[in-house]
Amino acid sequence: LQGKLEDETTVQFLMKGLQRAEHDQKGFQWKFNLESLRENYSLISKGITAPNPFTGEALFIKGENSNYIQVSNYHSFSELFPNHQLTEVKAAGHWVHAEKPEEFIETVMKFLI
């Protein structure tokens, strides 16, 4: 994977999805269902819709360098989660829990307590 992907975090994430092949202990196989991901990717990557908003408290943790939550889609999830809190972790990408685990845990604990 190195040489194909420049982002070290993405490489580490993908490497966690590998395991020794059952039929060939020298080979590897993916833990996740690639066929299902390939077939359903358009559904997975669609926006979330619901007939009613979730009115309980919700926490969104955004990495500063992640583009998953943007001004253009913020209104949509604000309508679905009207009582949400959005926290941004500096110098983190999409996988905040992997890149900044201490900050991630601290943020979650503050929200829960």
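Quick note: numbers below take in every heavy atom, side chains included, and nothing from hydrogens, waters or symmetry partners.
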Original post:
Is any side-chain heavy atom of L37 less than 4.5 Å from a side-chain heavy atom of F32?
Top reply: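 Yes, their side chains come closer than 4.5 Å.
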Subject >> 4.5 Å side-chain heavy-atom contact, H97 and W95 >> reply: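 Contact flag for H97/W95 side chains = yes.
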Subject >> Neighbour count >12 (heavy atoms, 6.0 Å) for atom CD, Q70 >> reply: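 Atom CD in Q70 is crowded, with more than 12 foreign heavy atoms closer than 6.0 Å.
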Original post:
Which is it for E102 and K100 under the salt bridge (charged side-chain N to carboxylate O under 4.0 Å, His left out) test, yes or no, and what are the steps along the way?
Top reply: CA-CA 6 Å; E102 290 177 15; K100 300 285 186 172; over 6 Å; no
Original post:
Out of curiosity, I69 CD1 to H94 NE2, how far, rounded to the nearest 0.5 Å?
Top reply: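 That separation rounds to 9.0 Å.
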**OP:** Quick one: sort the F77 and Y74 rings into parallel, tilted or perpendicular, breaks at 30° and 60°.
**Re:**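 It falls in the perpendicular class, over 60°.
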Result block: side-chain N/O donor-acceptor pairs under 3.5 angstrom for residues 53-68, not counting sequence neighbours:
| unit_1 | atom_1 | unit_2 | atom_2 | d |
| --- | --- | --- | --- | --- |
| K62 | NZ | S66 | O | 2.8 |
| E64 | OE1 | A91 | N | 2.7 |
| S66 | OG | Y68 | N | 3.3 |

Original post:
Considering all heavy atoms of both residues, which atom of A98 and which atom of P101 are nearest to each other, and what is their separation?
Top reply: O-CD, 3.7 Å
Subject >> Same cluster (ILVMFWY, side-chain, under 4.5 Å), M15 and L34 >> reply: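 Yes, it is one cluster - the side chains of M15 and L34 are joined through contacts under 4.5 Å.
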Original post:
Linking I/L/V/M/F/W/Y whenever any side-chain heavy atoms sit under 4.5 Å apart, do Y41 and W30 land together?
Top reply: no
Original post:
Please walk me through it: do T107 and F111 pass side-chain contact (heavy atoms from CB on, under 4.5 Å)?
Top reply: CA-CA 6 Å; T107 302; F111 177 76; 5.9 Å; no
**OP:** Only counting residues at least two apart or in another chain, list the ones meeting side-chain contact (heavy atoms from CB on, under 4.5 Å) with Q19.
**Re:**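 Q29, K31.
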Original post:
Between the main-chain N or O of L43 and the side-chain N or O of N40, is there a donor-acceptor pair closer than 3.5 Å?
Top reply: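 Side chain of N40 to backbone of L43, a donor-acceptor pair under 3.5 Å: no, none is there.
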